[in-house]
Amino acid sequence: MDNSPVRMTAEETLSENWYLLKKYSFNLRRRDGSWQAQTREVYDRGNGATILLYNREQRTVLLIRQFRMPTFVNDYHGYLIEAAAGLLDNASPEERIRLEAEEETGYRVGHVEKIYAAFMSPGSVTERIHFFMGEYQPGDRVGSGGGLEEEGEDIEVLELGFDEALAMVQNGEIVDGKTIMLLQHLELRMLKDGW
């Protein structure tokens, strides 16, 4: 007997232009045992990874600023301050985040620590993001960063004091969810460890 609370009834591809957008029809078993027919559009862009690079001695973090069209069309200026991140593209999260960090910030990361994985917009997007922390030193810089021009990236690298970055969350200059989560994780770690 099938104990699944979901019975798929139809699947339709709506777009394969950038990533994959599908419409799913299904029956969902409610808590009272009854079945309800529902439809949802689901955007599949693959899974990703993000990293907060920090320097314990200097109390600084490395972030990036880049243009994000979805924020622009949602009444924002479009330039987000973020932690380095990227899609996995068939690589392991650890391998991909090392490559992304170097590509976007210009810093070669040594040890990376995975802290958790999270769904960021589970109402409509399949993406699960793997979150990492990594310490950096000035000597770890091997390039200028900035991303890949052929991918349309024009990334500005920002080295900010940790307290300044937290203040930017409070005053609305940093509005990216993954970056806020990473900064707050670092803040909790600093409080716990007495940095």
Side-chain angles (χ1 to χ4, degrees), residues 43 45 47-87 93 96-109 111-125 127-141 143-149 151-195:
Y43 191 54
R45 58 186 307 265
N47 293 322
T50 185
I51 189 166
L52 181 62
L53 298 176
Y54 66 97
N55 181 295
R56 185 188 310 240
E57 294 77 28
Q58 297 176 11
R59 291 181 55 91
T60 55
V61 293
L62 284 178
L63 299 176
I64 60 172
R65 183 185 346 248
Q66 64 181 320
F67 181 75
R68 297 295 199 178
M69 177 55 90
T71 69
F72 180 77
V73 298
N74 192 15
D75 296 325
Y76 193 71
H77 53 70
Y79 285 89
L80 248 58
I81 297 173
E82 307 175 52
L87 295 176
R96 188 71 232 157
I97 201 55
R98 288 175 190 281
L99 295 170
E100 284 294 331
E102 186 172 330
E103 179 183 298
E104 294 186 358
T105 70
Y107 284 77
R108 184 163 293 147
V109 182
H111 173 72
V112 296
E113 174 191 359
K114 185 170 181 183
I115 52 177
Y116 45 73
F119 291 99
M120 299 303 291
S121 190
S124 60
V125 180
E127 181 180 37
R128 182 182 321 197
I129 298 180
H130 301 267
F131 287 74
F132 293 88
M133 306 278 286
E135 289 196 57
Y136 76 94
Q137 300 298 324
D140 296 336
R141 188 164 200 169
S144 60
L148 299 176
E149 185 177 345
E151 291 182 5
E153 295 177 324
D154 183 25
I155 295 171
E156 178 185 2
V157 181
L158 306 172
E159 185 173 41
L160 302 171
F162 179 68
D163 293 329
E164 177 186 6
L166 282 180
M168 292 170 80
V169 171
Q170 295 301 315
N171 68 25
E173 289 180 77
I174 295 177
V175 294
D176 174 62
K178 67 185 180 305
T179 305
I180 293 169
M181 291 168 66
L182 284 165
L183 288 169
Q184 290 177 340
H185 183 86
L186 182 58
E187 181 180 32
L188 290 172
R189 178 176 289 179
M190 291 169 75
L191 291 170
K192 179 182 166 219
D193 296 343
W195 293 6

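Below, all heavy atoms of this structure are taken into account, side chains as well, without hydrogens, waters or symmetry copies.
- Side-chain atoms of N47 and L87, non-hydrogen and from C-beta on, never get closer than 4.5 Å to each other.
- Taking CD of Q66 as the reference point, atom CG of D154 lies at 9.0 Å (rounded to 0.5 Å).
- Of the possible donor and acceptor atoms, none in the side chain of T60 sits under 3.5 Å from a partner among the backbone N and O of G161.
- When all heavy atoms of I81 and D176 are compared, the pair lying nearest together is O-CB, 3.8 Å.
- Q137 and Y107 make their closest contact through O-CE2, 3.7 Å (heavy atoms, listed as atom of the first residue, atom of the second, distance).
- Summarising the geometry of A49 relative to P93, their closest heavy-atom pair is CB-O, 4.0 Å, with the distance given to 0.1 Å.
- Take R98 and apply the side-chain hydrogen bond (donor to acceptor under 3.5 Å, both in side chains) test, not counting sequence neighbours, and it matches no residue.
- Listed here is the closest heavy atom pair of A83 and L182: CB-CD1, 3.7 Å.
- Taking the side chain as every heavy atom from C-beta outward, L186 and M133 approach each other to under 4.5 Å.
- T50 places a side-chain N or O within 3.5 Å of a backbone atom of A84 that can act as its donor or acceptor partner.
- Between V157 and S144, the shortest heavy-atom distance links the atoms CG2-O, 3.9 Å.
- For residues 186-195, the salt bridge (charged side-chain N to carboxylate O under 4.0 Å, His left out) pairs, not counting sequence neighbours, are E113-R189.
- What you find for F67 and H77 is that their closest heavy atoms are CE1-O, 4.1 Å.
- Using cut-offs of 30° and 60° on the angle between ring planes, the pair F131 and Y116 is tilted.
- Taking OH of Y54 as the reference point, atom CG of L62 lies at 12.5 Å (rounded to 0.5 Å).
- Pairs of residues two or more places apart, or lying in two chains, that qualify as salt bridge (charged side-chain N to carboxylate O under 4.0 Å, His left out) and include a residue from residues 47-74 are R56-E135, R59-D163, R65-E156, R68-E82.
- No side-chain heavy atom of H130 sits under 4.5 Å from any side-chain heavy atom of I97.
- The backbone N or O of Y136 sits less than 3.5 Å from a side-chain atom of N55, completing a donor-acceptor pair.
- Taking 4.5 Å as the limit, some side-chain heavy atom of L183 sits within range of a side-chain heavy atom of L166.
- With M120 as the fixed residue, the side-chain contact (heavy atoms from CB on, under 4.5 Å) test singles out one of K178, E127, R128: K178.
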